[in-house]
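Data first, discussion second: the structure below is written as structure tokens.
In what follows, every heavy atom counts, from backbone to side chain, and hydrogens, waters and symmetry copies are set aside. Proteins get letters first, then strands, A, B, ... in listed order; numbering begins at 1 in each.
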Protein chains: 2
Amino acid sequence: MLSERQMMILRAVVRDFTNTGVPVGSKTLAKQLPIHVSSATIRNELAALEEQGLIEKTHSSSGRIPSGEGYRYYVDHLVKPDPLRPNDIDVIQSSLGGDFHKIDEIISQSATILSNLTSYTAFTLKPELKNSRLSGFRLVPLGKRQVMAILVTDSGDVENQTFDVNETVTGDQLEAVVRLINDQLVGLTLPEVLQKLQADIPMKIANYLQSPEGFLDIFGDVLTRAAQERFYVGGRLNLLNFSQDSDVDSLKSLYSLIDKTDDIANVLGQPSDKISVQIGNEMTNDALRNFSLITATYDVNQHGKGMIAILGPTRMPYSRMLGIVGAFREELAKKLLDYYRFYDE
Amino acid sequence: MLSERQMMILRAVVRDFTNTGVPVGSKTLAKQLPIHVSSATIRNELAALEEQGLIEKTHSSSGRIPSGEGYRYYVDHLVKPDPLRPNDIDVIQSSLGGDFHKIDEIISQSATILSNLTSYTAFTLKPELKNSRLSGFRLVPLGKRQVMAILVTDSGDVENQTFDVNETVTGDQLEAVVRLINDQLVGLTLPEVLQKLQADIPMKIANYLQSPEGFLDIFGDVLTRAAQERFYVGGRLNLLNFSQDSDVDSLKSLYSLIDKTDDIANVLGQPSDKISVQIGNEMTNDALRNFSLITATYDVNQHGKGMIAILGPTRMPYSRMLGIVGAFREELAKKLLDYYRFYDE
DNA sequence: TTTTAGCACTCAAACGTCACAAGTGCTAAG
DNA sequence: CTTAGCACTTGTGACGTTTGAGTGCTAAAA
């Protein structure tokens, strides 16, 4: 249990250290704090905080820096999100203000904006597609042997893929297959479609194609891709700013991490309505030891929920970052609702 | 003009320095060289080479390192490509052996292979499309408002893009436009198509659509993208290995350079049948000061020529790298000819 | 004329010493 | 409970020394 004064001191330690990067000592704190106590008193309190594992020393006679637990306590109990700076508001307005023709453009642009605002690396994830429905399927013959499969969902997402047909398949056959798919599967959610694809569809298709496996593979492929969570990353290069003393190896593993959709999904974790902060030492991945991750969901009502996140050094100004993430999720939700309203009408 | 012995010494200096990274002195050279002379003699020769600007000292009493001009002389006159290591041959065979369904897959995979072989960053560029021809165009209505434009070339490339039609356009109108395009433009090379698009096509289309601008934009867009040179990059992260003392800024500019197609095209320069080496100081871009670029074309007969390149530190083992690039261009050409043979038949 | 041994000289890198500044813990008095 | 005072610790940076690799030059040898 911390006293009021200890909280005040812990808050000051975190704020000072995240701003300057220098371990903070008792004298500095005594000057900074609103209360009037001597540095010796602060020293006693610092010792108490260290006792509880909230702060630590870099060497036996250094000032204090927050420990992982200290950051945790700070973000859980002591921090309060900063309001946006006027300048930041401008940036959001102007970058998100234009006309977009695809959801993906908005989401991808958002990653860029977030990374610009924070000067960290940002991730955005479009609203989950689990409950979007198949609204159409086409097979378009392109030439001698190539066919393009196109899949459209009711949320306006389009996924396509070209493939080779190795045997001679007639246009009539293709049309029959397309009609079958559209009759049987349109209107179902994507997971439902995937399920049906395992069940009765193969037999029905066998009426029109002698070897339906190849086709089913393609269809399953493009379907999975459509249903897959789609990540966008902004400000990749900003990671370079925080690689202490050019530790190339950990940088490399960091980059391979953020380029793998699965891994990132794993790290981001489950969506929750609150803005969540993960401190480096709390994350399983070793490459993230010196980083913190702030994640938040945004809510587009019946169109589902998406996620935004920023990845920066553990030593980041949390109040400002929480302010940015909090405000941006709202703006993004608004923008997307606008977009859907236009698209649905 | 260099004497035989001077050439031998320069070659030894470059080879030793590219291997060890340490400035090389007269004693080391005396031991290494096949001829039997004292270090003092070598010192005299080194002074002569320095006189000519081919080598230099890092400080007044250090060993010698090759200058930009020294590297140039070395690659122009002294180096001879190493034969591939058996291991490298295996890597190429197994990575390029499988079945590919798109040219782009082969080219992109090639960038990865090259970067693995060299542990540098590799670029690959698919055979130029300037003389490939438009072989088909489709407009596929996807839903209330969305339409997908698909363009196919005779080399099997497919390019597509979805767009919104803002007014109510009937399926008949779309079909008429598609028929017009296919009648008038199929069989022409892509540059020819682009040219016609500026000339008489707009008027003809105006017969079917009241405001053809939007459509022409889309068509031009997807056409340009199809005709555009397409780069693939492999081993991006390897650049991190050569950033001396974590010079974050130059690293960043390096990365933004290689992510911009236009800039890269610029740096790679014009194709030439010989394998070409550009030494850091010869390149205009400052971020490349400490790098060298080896580029080579590969030739797929009537299907045009493409390019491969590797970017590594100026201090790279040129003989080995030239061997790899030389061998790989052959393998790639063979593979592509195989691919086209299958596709064309 | 070319090569070589010898020698004085240069410089980076490694190392130890020293003083300094910032900070701590502890004690004893307020 | 707070604070002044003090001894103690440690990173940092300045400075001088030593060491080793390498150079240029000179004069003798080939």
Side-chain angles (χ1 to χ4, degrees), chain A residues 1-10 12-67 70 244-245 315, chain B residues 1-10 12-67 70 244-245 315:
Chain A
M1 212 52 298
L2 298 191
S3 70
E4 277 299 322
R5 194 169 66 186
Q6 286 172 339
M7 290 189 192
M8 175 189 293
I9 291 177
L10 178 57
V13 169
V14 175
R15 296 229 305 201
D16 199 88
F17 181 68
T18 52
N19 282 331
T20 67
V22 177
V24 24
S26 53
K27 223 157 137 190
T28 322
L29 286 169
K31 255 181 271 167
Q32 249 171 44
L33 289 179
I35 57 175
H36 206 74
V37 289
S38 77
S39 66
T41 308
I42 307 270
R43 276 205 289 286
N44 290 332
E45 297 287 38
L46 286 177
L49 287 170
E50 187 171 10
E51 184 82 11
Q52 304 199 41
L54 296 173
I55 57 180
E56 52 196 28
K57 293 185 271 193
T58 61
H59 60 86
S60 81
S61 77
S62 79
R64 304 307 211 291
I65 65 173
S67 67
Q244 45 257 38
D245 59 77
R315 193 212 114 196
Chain B
M1 209 56 295
L2 298 190
S3 71
E4 278 298 323
R5 194 167 66 184
Q6 286 172 338
M7 289 187 193
M8 175 190 293
I9 292 176
L10 177 56
V13 169
V14 175
R15 294 229 306 200
D16 199 89
F17 181 68
T18 52
N19 282 332
T20 67
V22 176
V24 23
S26 53
K27 223 156 135 193
T28 322
L29 285 169
K31 255 181 274 167
Q32 249 171 45
L33 287 180
I35 57 176
H36 207 75
V37 289
S38 78
S39 65
T41 309
I42 307 272
R43 275 204 290 286
N44 290 333
E45 297 288 38
L46 287 176
L49 287 170
E50 188 171 10
E51 186 82 11
Q52 304 200 43
L54 296 173
I55 56 179
E56 52 195 30
K57 293 186 269 193
T58 60
H59 60 86
S60 82
S61 75
S62 79
R64 305 306 210 293
I65 64 174
S67 68
Q244 47 257 38
D245 60 75
R315 195 213 112 196

Exercise. Which listed nucleotide (C/dG23, C/dT4, D/dT23) is nearest to the side chain of B/T41?
Worked result: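 Of the candidates, C/dT4 comes closest.
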
Exercise. What nucleotide, of D/dT23, D/dG22, C/dT4, holds the atom closest to the side chain of B/T28?
Worked result: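 Of the candidates, D/dG22 comes closest.
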
For this session: To the nearest 0.5 angstrom, please state how far the CE atom of A/M1 sits from the CD atom of A/Q52.
Result: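 One gets 8.0 Å once the value is rounded to the nearest 0.5 Å.
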
For this session: Using the closest heavy atom to pick a nucleotide of DNA chain D for each, name whichever of B/A40 or B/G63 lands nearer the 5' end.
Result: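 The answer here is B/G63.
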
Between N or O atoms, less than 3.5 Å apart, protein on one side and nucleotides 7-14 of chain D on the other: list the pairs.
unit_1: D/dT9; atom_1: O3'; unit_2: A/S60; atom_2: OG; d: 2.8
unit_1: D/dT9; atom_1: O2; unit_2: A/S61; atom_2: OG; d: 2.5
unit_1: D/dT10; atom_1: OP1; unit_2: A/S60; atom_2: OG; d: 3.3
unit_1: D/dT10; atom_1: O4'; unit_2: A/S61; atom_2: OG; d: 3.2
unit_1: D/dT10; atom_1: O3'; unit_2: A/H59; atom_2: ND1; d: 3.3

Rounded to whole Å, how long is the line connecting atom [atom1] of [X] with atom [atom2] of [N]?
X: A/I55; N: C/dT24; atom1: CD1; atom2: P; result: 9 Å
X: A/L33; N: D/dT2; atom1: CG; atom2: P; result: 13 Å
X: B/R64; N: C/dC11; atom1: CZ; atom2: P; result: 14 Å
X: A/D16; N: C/dG23; atom1: CG; atom2: C1'; result: 14 Å
X: A/I65; N: C/dT24; atom1: CD1; atom2: C1'; result: 16 Å
X: A/Q6; N: D/dT2; atom1: CD; atom2: P; result: 11 Å
X: B/H36; N: C/dA5; atom1: NE2; atom2: P; result: 9 Å

Under 3.5 Å, side chain of [X] to main-chain N/O of [Y], donor-acceptor pair present?
X: A/T18; Y: A/R315; result: no
X: A/S26; Y: A/I42; result: no
X: B/T41; Y: B/V37; result: no

Problem set entry | Any residue meeting salt bridge (Lys or Arg N to Asp or Glu O under 4.0 Å) with B/E56, in chain and number order, not counting sequence neighbours |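 If we apply the salt bridge (Lys or Arg N to Asp or Glu O under 4.0 Å) test to B/E56, skipping adjacent residues, there are no hits.
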
For this session: Indicate whether OP1 or OP2 belonging to D/dG24 is found under 4.0 Å from a side-chain N or O atom of B/K57.
Result: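 Checking D/dG24 against B/K57, a side-chain N or O does come within under 4.0 Å of OP1 or OP2.
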
Exercise. Looking at A/R5, does any N or O in its side chain come under 4.0 Å of the phosphate oxygens OP1/OP2 on D/dT2?
Worked result: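 A/R5 to D/dT2 OP1/OP2: side-chain N or O found under 4.0 Å.
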
Suppose we screen for side-chain hydrogen bond (donor to acceptor under 3.5 Å, both in side chains). Which residues come up paired with [X], at least two apart in sequence or across chains?
X: A/T20; answer: none
X: A/Q6; answer: A/E45
X: A/S61; answer: none

Exercise. What is the nucleic acid contact for B/S26, judged by heavy atoms within less than 4.0 Å: base, sugar-phosphate only, or nothing?
Worked result: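 Counting heavy atoms under 4.0 Å across all strands, the contact made by B/S26 is with sugar-phosphate only.
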
For this session: Using a 4.0 Å heavy-atom cut-off across all strands, classify B/K27 as base, sugar-phosphate, or nothing.
Result: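 Result for B/K27 = nothing.
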
For this session: Quick one: do A/V13 and A/L49 satisfy side chain to side chain contact (heavy atoms under 4.5 Å, CB included)? Show the steps, please.
Result: CA-CA 11 Å; A/V13 169; A/L49 287 170; 5.6 Å; no

Problem set entry | Residues in contact with DNA chain C, drawn from residues 42-54 of chain B - heavy-atom cutoff 4.0 Å |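 The answer is B/R43, B/N44.
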
